[in-house]
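Single-structure report; data block below.
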Amino acid sequence: MGPVRAEVMWQAVRDALEAAAPDEARPLRVLDIGGGTGGDAVRVAAEGHEVVVVDPSPDALAALARRADDAGVAISQVLGDTGDLADHLEPASIDLVLCHGVVEHVDDPVTALREVARTLAPSGRLSIVVPGRVSAAIARAVAGDFAAAQALVERPVAHWTPDEHGPRRYFSEELDALLAAAGFRPAATRGLRVFADLVPSAVVDVEPGARESLFALESAARERHEFAACSGGLQQIACLELS
């Protein structure tokens with residue numbers, strides 16, 4: 001097992017794949033937005049799925065090409081972002097969109113997700129992961145930065161400018177509202193990194209079996225809404241709100 005944090009995030013991808021194709025009867029067409037150097041995309045392609053990565057960094061896409069070549073998989077690469085998806089992808093052509101660590105950085109999250117929605121097939125799924133607001137506020141307070149913690153508690157997400165305030169952090173109900181405004185049907189929020197961001201690496205690296213035990217703990221907690229609220233990442237696997 002690799003670093004627990006990385007394995008927790010990969011499990012989020014696995015959960016999304018299962019939701020999009022519960023019977024595993026067919027390969028999916030998967031869009032990985034902001035997929036960067038392909039840490040997830042290569043593993044998804046290795047399972048037999050068709051993968052398209054959209055990313056605004058030429059350097060990241062070059063690294064992705066090398067990684068895909070080393071793994072012996074084919075991945076379509078698009079230099080772009082959520083603003084120009086329509087130039088590269090046909091409407092309703094994607095079975096699963098991975099939008100992990102993206103909307104907290106964009107200027108207009110609702111518009112970005114509406115562009116994503118246009119690419120999805122009617123039965124498709126969107127897996128979205130955003131940073132949790134509660135855990136970030138606790139971390140700032142523990143570090144003694146009470147002003148930053150208070151801002152995280154009080155600042156409305158609608159008044160959040162990433163360039164000024166850093167990446168947006170979300171309460172689960174704010175994620176619900178964002179998805180609904182973009183044309184998706186919100187689902188249950190799952191917690192990612194409920195404990196992994198808190199446990200010192202010295203504990204995980206030194207204690208025999210600690211990685212496996214911590215991952216098992218994360219797996220047990222991720223679908224309990226009581227823990228999701230205070231996790232480092234919030235995930236929803238949503239479908240389109242069809243009229």
Side-chain angles (χ1 to χ4, degrees), residues 4-24 28 30-34 40 44 47 49 82 94-104 106 109-110 112-114 116-117 119-139 152-153 156-158 160 167-198 214-243:
V4 175
R5 188 184 192 280
E7 288 307 307
V8 167
M9 299 310 292
W10 170 243
Q11 183 61 52
V13 176
R14 295 285 313 131
D15 290 344
L17 290 168
E18 182 177 344
D23 58 1
E24 299 183 357
L28 301 171
V30 180
L31 169 61
D32 188 357
I33 299 176
D40 291 332
V44 172
E47 295 192 5
H49 302 292
T82 56
I94 298 296
D95 300 304
L96 171 65
V97 175
L98 301 176
C99 187
H100 295 183
V102 174
V103 298
E104 61 266 32
V106 302
V110 172
L113 287 181
R114 284 175 178 164
V116 168
T119 71
L120 268 180
S123 61
R125 293 292 185 273
L126 163 70
S127 174
I128 183 169
V129 174
V130 297
R133 193 193 280 243
V134 174
S135 65
I138 292 172
L152 283 164
V153 170
V157 72
W160 202 306
R168 293 179 190 84
R169 310 280 176 164
Y170 287 83
F171 294 126
S172 58
E173 59 267 27
E174 291 173 330
L175 181 54
D176 287 347
L178 170 61
L179 288 168
F184 290 92
R185 185 184 309 145
T189 299
R190 304 179 182 200
L192 306 178
R193 309 189 319 273
V194 178
F195 305 101
D197 289 353
L198 302 174
L214 179 55
F215 183 76
L217 179 60
E218 289 282 353
S219 298
R222 73 175 184 265
E223 296 198 42
R224 294 292 300 266
H225 68 87
E226 299 92 341
F227 290 105
C230 59
S231 61
L234 306 176
Q235 181 188 25
Q236 285 202 27
I237 302 172
C239 59
L240 293 169
E241 187 67 79
L242 300 176
S243 55

Q: Dump the intermediate steps for side-chain contact (heavy atoms from CB on, under 4.5 Å) on Gln11 and Arg222, then the final yes or no.
A: CA-CA 10 Å; Gln11 183 61 52; Arg222 73 175 184 265; 3.8 Å; yes
(Q) side-chain contact (heavy atoms from CB on, under 4.5 Å), that's the test. Do Glu47 and Arg14 meet it? Break it down for me. (A) CA-CA 11 Å; Glu47 295 192 5; Arg14 295 285 313 131; 2.7 Å; yes
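Contact of the Val116 side chain with the Ile128 side chain is not registered, since no non-hydrogen atoms from C-beta on lie closer than 4.5 Å. Side-chain contact between Trp160 and Arg169 is present, with at least one heavy-atom pair separated by less than 4.5 Å.
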Taking distance alone, no hydrogens or angles, what donor-acceptor pairs closer than 3.5 Å link side-chain atoms of residues 185-196 to residues at least two apart or in another chain?
unit_1: Thr189; atom_1: OG1; unit_2: Gln236; atom_2: NE2; d: 3.1
unit_1: Arg190; atom_1: NH1; unit_2: Asp15; atom_2: OD2; d: 3.0
unit_1: Arg193; atom_1: NE; unit_2: Asp197; atom_2: OD1; d: 3.1
unit_1: Arg193; atom_1: NE; unit_2: Asp197; atom_2: OD2; d: 2.8
unit_1: Arg193; atom_1: NH2; unit_2: Asp197; atom_2: OD2; d: 3.4
unit_1: Arg193; atom_1: NH2; unit_2: Gly232; atom_2: O; d: 3.3

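When each of Val30, Leu96, Leu28 is tested with Val44 by the rule side-chain contact (heavy atoms from CB on, under 4.5 Å), just one qualifies, namely Val30.
Heavy-atom minimum distance, Val106 versus Ala112: CG2-CB, 4.1 Å. Across every non-hydrogen atom of Phe215 and Val8, the tightest pair is CE1-N, 4.0 Å. What you find for Tyr170 and Leu178 is that their closest heavy atoms are OH-CD2, 3.9 Å. In this structure, Ser231 and Ser135 approach most closely via the heavy-atom pair O-OG, 3.1 Å. Residues Asp40 and Asp32 approach most closely at CB-OD2, 4.2 Å, considering heavy atoms. Residues Leu240 and Phe184 approach most closely at CD2-CE2, 3.7 Å, considering heavy atoms.
For Glu173, the side chain to side chain donor-acceptor pair (under 3.5 Å) criterion is met by no residue, not counting sequence neighbours. For Arg133, the side chain to side chain donor-acceptor pair (under 3.5 Å) partners two or more places apart in sequence, or in a different chain, are Glu174.
To the nearest 0.5 angstrom, Glu7 atom CD is 11.5 Å from Leu214 atom CG. Taking CG from Leu31 and CG from Leu98, the interatomic distance works out to 8.0 Å, rounded to the nearest 0.5 Å. Interatomic distance, CZ of Arg5 versus CD of Glu218, reported as 10.5 Å (0.5 Å rounding). Taken from OG in Ser127 to CD1 in Ile33, the straight-line distance is 11.0 Å, to the nearest 0.5 Å.
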